[in-house]
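A short write-up of the structure that comes next.
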Amino acid sequence: MNNYSFEFIDVKIPDFNSEFFVLWLNEVLSRYGKEPGDIAYYFCSDEKLLSLNNEILNHDFYTDIITLDFVVGDIVSGELYISYDRIIDNAKEFGNGYVFDELCRVMVHGVLHLVGFNDKSEEDQKLMREEETKNLILR
């Protein structure tokens with residue numbers, strides 16, 4: 001258990017520090033009384049994630065993350081597919097231009113889904129944003 005993996009399918013993320021992310025995400029999980037199981041992050045391009053979104057969820061639109069939940073009790077496991085292209089574009093469009101901050105936001109967003117937070121309704125989206133912000137401060 002406690003096995004994080006980080007794979008880069010068709011993108012490169014400069015200066016990606018897996019040790020930093022493991023320590024931070026473990027701290028996030030502990031805030032919710034959860035333990036890390038097998039958590040796999042897959043980083044890819046917009047086109048690859050669009051293809052997966054079509055294949056897995058039957059959605060025909062771009063997204064920044066797809067989270068597959070394999071949680072059992074308090075042991076958090078899952079697969080998180082992240083479009084690095086979306087990260088870069090969202091950092092420019094919605095954020096302060098810092099790609100690292102947006103990358104952290106999306107990575108913790110996926111973990112929050114695995115912990116049990118949703119973002120389907122406006123109220124859920126607001127709560128998700130609040131939780132993202134609380135956890136980004138932990139970095």
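Only a predicted model underlies this, so the values are computations on that prediction, with no experimental measurement involved.
Side chain of W24 to backbone of C104: no donor-acceptor contact under 3.5 angstrom is found. In this structure, the side chain of T133 engages the main chain of R129 through a donor-acceptor pair within 3.5 Å. In this structure, D69 contributes its side chain and V71 its backbone to a donor-acceptor pair below 3.5 Å. With hydrogens and angles ignored, the 3.5 Å screen pairs no side-chain donor or acceptor of E79 with any backbone N or O of L68. Under a 3.5 Å cut-off, the side chain of D119 and the backbone N or O of Q125 do not form any donor-acceptor pair.
Of all non-hydrogen atoms in L49 and I65, the two that sit nearest each other are CD2-N, 4.0 Å. Of all heavy-atom pairs spanning T63 and R86, the tightest one is O-CG, 3.1 Å. What you find for D74 and K34 is that their closest heavy atoms are OD1-NZ, 3.1 Å. For the residue pair L114 and S77, the shortest heavy atom distance occurs at CD2-O, 3.8 Å. A pairwise comparison of heavy atoms in F8 and V11 identifies CB-O, 3.2 Å as the closest pair.
Not counting sequence neighbours, the partners of D64 by the side-chain hydrogen bond (donor to acceptor under 3.5 Å, both in side chains) test are R105.
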Open item on the list: Does D101 form a salt bridge (charged side-chain N to carboxylate O under 4.0 Å, His left out) with R139? I'd like the steps, not just the answer.
Closed with: CA-CA 10 Å; D101 290 347; R139 299 177 297 160; 3.1 Å; yes
Open item on the list: Checking I39 against N3 for the side-chain contact (heavy atoms from CB on, under 4.5 Å) test, could you report, in this order, the C-alpha distance in whole Å, the side-chain angles of both residues, the deciding distance, and whether it holds?
Closed with: CA-CA 6 Å; I39 301 173; N3 182 26; over 6 Å; no
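Note on I9 and L57: same hydrophobic cluster, where clusters join Ile, Leu, Val, Met, Phe, Trp and Tyr whose side-chain heavy atoms are under 4.5 Å apart, directly or indirectly. Put simply, L52 and L80 are part of two different groups of oily side chains (I, L, V, M, F, W, Y) that touch within less than 4.5 Å, one to the next. At a threshold of 4.5 Å between side-chain heavy atoms, the hydrophobic network of Ile, Leu, Val, Met, Phe, Trp and Tyr places F20 and V22 in one connected group. Under the 4.5 Å side-chain heavy-atom criterion for grouping Ile, Leu, Val, Met, Phe, Trp and Tyr, L103 is not connected to I66 through any hydrophobic cluster.
Between N26 and P36, the closest side-chain pair of non-hydrogen atoms falls below 4.5 Å. The shortest side-chain heavy-atom distance between L127 and E131 falls under the 4.5 Å cut-off. Side-chain contact between Y32 and N135 is present, with at least one heavy-atom pair separated by less than 4.5 Å. The side-chain heavy atoms of E7 and F43, taken from C-beta on, include no pair separated by under 4.5 Å.
Salt bridge annotation for D10-K48: absent, with no cationic side-chain nitrogen under 4.0 angstrom from a carboxylate oxygen. No salt bridge links R31 with E27; every basic N to acidic carboxylate O contact stays at or beyond 4.0 Å.
Atom CD of E35 is surrounded by 12 or fewer heavy atoms from other residues, nucleotides or ligands within 6.0 Å.
If you take NZ on K126 and CD on E123, they are separated by 8.5 Å, rounding to the nearest 0.5 Å. Between atom CD1 of residue I13 and atom CD1 of residue I87 there is a gap of 7.5 Å, rounded to the nearest 0.5 Å. Distance CE/M128 to CZ/F117: 7.5 Å, rounded to 0.5 Å. To the nearest 0.5 Å, atom CG of residue L136 and atom CD of residue E102 are 9.5 Å apart. Taking CG of L138 as the reference point, atom OG of S30 lies at 8.0 Å (rounded to 0.5 Å).
Remark: the Y4 side chain and the D38 side chain contain no N/O donor-acceptor pair separated by less than 3.5 Å.
The distance between the ring centers of Y84 and F16 does not fall below 6.0 angstrom. Taking the six-membered ring for Trp, F6 and Y41 have ring centres closer than 6.0 Å.
Using cut-offs of 30° and 60° for the angle between ring planes, the Y81 and Y42 rings count as parallel.
Through direct or relayed side-chain contacts under 4.5 Å between Ile, Leu, Val, Met, Phe, Trp and Tyr, Y62 connects to L50.
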